[in-house]
Amino acid sequence: MRRLPIVAVLCLVAWPAFSQDACTHVKLALLADTQDVQCAQSADLTTANQNTTPQDNSRLGLPPSAFTPRTDAQAVSPDAPNRTPIRGPVPGLQVTGAMADDPDARWVLRIPESWNGKIVVGVPGGLRSEFMGDYIFSDLVVQEGYAYASTNKGTLNFFYSEPVSDALACRLSPPPAATSALFVHFYVAQPKDTITEWFRRTREVTELARVAIAASKERAAERTYLIGISNGGHVVRRLLAESPELYDGGIDWEGVYWSPGGPNILIDLPAALRPYRDYALSGFNPATPAHQAIVSAGYPPDIRANPPTPSNTFSPLVGSLYETHANNYWDVTACVFAKELDPAYDGEPQDYNYAARRQPFHLSPRLAKISTGGSIGKPLITIHGTMDALLPIKRHARPFRDAVVAAGKAQLHRSYEVQNGNHIERYRQSCCNFTQLEFLQPHAHESFHRLVAWIEKGMVPPPSQCIPRGGAIVDNPALSGRAERCATLLVP
């Protein structure tokens with residue numbers, strides 16, 4: 001095995017199931033490739049144990065908000081009581097750490113006492129920590145006996161409460177209806193941190209997990225699965241194309257699509273931001289040309305919260321889904337990816353013109369390094385919501401499906417569209433009250449089980465299909481009158 005850069009490991013509650021030497025074996029196995037290794041046994045690897053997910057800002061030596069594992073885990077999960085059900089404690093080893101070549105490249109590994117011989121590698125969305133998947137990924141799989149590993153993809157970010165002289169800072173909310181004065185510094189915009197590092201760090205934590213598990217369990221892993229959300233879904237797609245020998249299959253939960261010729265975020269988010277100002281100034285009137293311009297750019301129609309909350313609105317009389325996304329994601333996401341992929345650009349996110357800059361600033365080769373062309377080498381299931389207003393399904397999941405078919409790999413892929421599903425699970429609930437939305441999590445978990453049955457038992461999953469509101473994946477969608485793609489993005 002090639003040498004890895006790696007670790008620090010978190011000690012939790014004493015539990016006698018593993019031998020007392022288990023952590024010693026793990027440390028020795030990782031010693032040549034790690035720094036600051038620790039290891040301990042936990043009475044429960046699920047989030048029912050408050051020690052499983054560290055407290056925010058508990059890593060010393062970092063700016064405030066640079067390490068927010070509990071916030072990260074909550075941000076992508078449904079609120080209680082719709083989180084992953086926990087049936088009881090799962091004793092085992094919990095291991096956390098940093099790669100030897102970079103103390104900020106962090107990871108976590110959980111090995112259940114009753115290990116089933118398999119590994120799930122979770123890839124976080126956004127630029128969040130290695131604990132982002134604790135509710136949506138880890139709680140599911142450790143209860144089923146899988147070892148769980150995850151990485152922060154080698155990157156961090158932190159917030160400023162006021163403007164500062166920082167060329168890498170991005171504002172969180174755009175004018176004119178900004179709900180926040182925060183600015184965010186993204187490490188990925190620094191020269192040493194790149195999107196291609198995400199692929200490398202995920203491969204490294206995969207190999208690391210295999211080594212540590214073999215040392216503690218004295219047998220090799222039989223299967224390794226990937227599951228990623230948003231930016232993590234992008235990583236899953238990429239690795240099943242460029243490193244299929246490492247994995248048996250994967251789940252792509254609302255992954256990002258990148259293509260030098262488009263679609264891509266550098267085209268789509270500025271296209272939404274440009275008319276957004278006029279839409280906001282109209283009082284978020286859906287009858288305006290500004291709203292239609294956003295829809296024409298591939299986005300689902302705007303909807304209203306019922307009732308609005310301070311979390312989603314500048315004006316308590318509105319509660320717009322567009323406003324919620326603009327103030328939390330559109331502007332800041334366009335900014336950080338422009339800084340990472342086109343560092344010569346110093347203008348406003350809404351003014352970014354990818355078509356005009358693509359050739360003179362040599363953007364195609366940069367995007368080619370991170371693109372997802374569809375030539376996957378192992379089974380993959382994609383789940384995406386039709387009301388995703390950050391990564392619109394017309395610009396991400398559907399073009400990726402088209403690329404897979406064009407590459408002749410359709411037999412290895414399924415695409416399940418969730419009617420009215422959104423990018424952020426919590427937006428359906430008390431945080432924001434968009435009651436028109438549907439959860440993706442139940443369908444992602446069902447897809448994982450179908451993926452495993454596909455690979456291990458030869459049970460080919462159902463064809464790609466639109467999952468109606470309140471529905472589930474069905475074995476024969478044609479009998480139910482289901483098409484592969486939902487006919488409309490919003491169903492009342």
Side-chain angles (χ1 to χ4, degrees), residues 125-126 195 198 228-238 240-241 252-276 292-301 322 325-326 329-342 345 349-359 361-376 380 382-407 409-410 413 415-418 421-423 464 484-486 488-489:
I195 295 173
W198 301 353
I229 185 170
S230 193
N231 282 336
H234 164 221
V235 173
V236 171
R237 295 173 178 178
R238 179 79 185 203
L240 290 187
D252 155 30
W253 182 339
E254 62 194 21
V256 184
Y257 183 69
W258 286 100
S259 172
N264 65 63
I265 282 175
L266 295 180
I267 297 171
D268 300 335
L269 285 176
L273 287 166
R274 282 191 287 274
Y276 173 74
Q292 184 55 50
I294 298 174
V295 171
S296 296
Y299 287 78
Y322 282 3
H325 280 78
Y329 292 101
W330 284 359
D331 198 76
V332 72
T333 303
C335 175
V336 67
F337 282 112
K339 289 183 183 296
E340 159 65 5
L341 296 166
D342 189 359
Y345 183 72
Q350 71 270 15
D351 296 330
Y352 189 85
N353 189 331
Y354 177 80
R357 298 179 64 84
R358 181 182 174 189
Q359 183 172 356
F361 290 90
H362 307 286
L363 300 182
S364 289
R366 295 178 193 170
L367 267 69
K369 293 179 181 179
I370 65 168
S371 64
T372 44
S375 188
I376 54 175
L380 173 65
T382 294
I383 308 96
H384 210 110
T386 64
M387 284 297 292
D388 192 322
L390 175 60
L391 304 176
I393 196 168
K394 289 183 176 181
R395 306 292 291 173
H396 291 272
R398 291 180 181 177
F400 177 68
R401 172 63 178 171
D402 292 342
V404 170
V405 172
K409 300 293 185 177
H413 185 243
S415 178
Y416 299 138
E417 298 193 355
V418 180
N422 183 254
H423 201 78
S464 300
E484 177 171 315
R485 294 179 174 177
C486 298
T488 62
L489 300 186

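None of these values were measured; they are calculated from a predicted model.
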On a heavy-atom basis, which atom in R366 and which in D342 lie closest, and how many Å separate them? NH1-CA, 3.6 Å
Would you call the rings of Y276 and W330 parallel, tilted or perpendicular, taking 30° and 60° as the class edges? perpendicular
Can you name the nearest heavy-atom pair linking R238 to I370, along with the distance? NH1-C, 3.4 Å
Parallel, tilted or perpendicular: which describes the rings of H423 and H384, with under 30° parallel and over 60° perpendicular? tilted
4.5 Å side-chain heavy-atom contact, L489 and K394: yes
Is the closest side-chain heavy-atom distance between F337 and V256 below 4.5 Å? no
Please report the shortest heavy-atom distance between A403 and Y257, naming the atom on each side. CB-OH, 3.9 Å
Please report the interatomic distance CG(L273) to CG(D268), rounded to the nearest 0.5 Å. 11.0 Å
Using a strict cut-off of less than 4.0 Å between a Lys/Arg side-chain nitrogen and an Asp/Glu carboxylate oxygen, indicate whether R398 and D388 qualify as a salt bridge. no
Just verifying a value: how many Å separate C486 SG and Y416 OH, rounded to the nearest 0.5 Å? 13.5 Å
For S296, the side-chain hydrogen bond (donor to acceptor under 3.5 Å, both in side chains) test, sequence neighbours excluded, returns Q292
Could you check whether any side-chain heavy atom of P260 comes within less than 4.5 Å of a side-chain heavy atom of R358, counting everything from C-beta outward? yes
Closer than 3.5 angstrom, by distance alone: can the side chain of R395 be matched with the main-chain N or O of Y299 as a donor-acceptor pair? no
If you define the side chain from C-beta out and look only at heavy atoms, does anything of D351 sit under 4.5 Å from Y345? yes
So, does T382 use its side chain to make a donor-acceptor pair with the main chain of S415 at under 3.5 Å? no
Quick one: sort the H234 and W258 rings into parallel, tilted or perpendicular, breaks at 30° and 60°. tilted
Which atoms form the tightest heavy-atom contact between N231 and G126, and what is the distance? ND2-O, 3.1 Å
Just how far is it from atom CD of Q350 to atom SG of C335, taken to the nearest 0.5 Å? 10.5 Å
Taken to the nearest 0.5 Å, the spacing of I265 CD1 from L390 CG works out to 7.0 Å
Do L341 and L363 have side chains that approach each other closer than 4.5 Å (heavy atoms only, starting at C-beta)? no
Between L266 and Y352, what is the shortest heavy-atom contact and its length? O-CD2, 3.5 Å
Could you check whether any side-chain heavy atom of L269 comes within less than 4.5 Å of a side-chain heavy atom of P349, counting everything from C-beta outward? no
Looking only at heavy atoms, what is the nearest atom pair of V295 and P300, with distance? CG2-O, 4.3 Å
If I take atom CD from residue E254 and atom CD1 from residue I393, how far apart are they, to the nearest 0.5 angstrom? 10.5 Å
Nearest 0.5 angstrom please: D252 CG to H413 NE2, how far? 6.0 Å
Return the set of residues passing side-chain hydrogen bond (donor to acceptor under 3.5 Å, both in side chains) with N353 (not counting sequence neighbours), or none when no residue passes. none
Donor-acceptor pair, N264 side chain versus S259 backbone, under 3.5 Å? yes
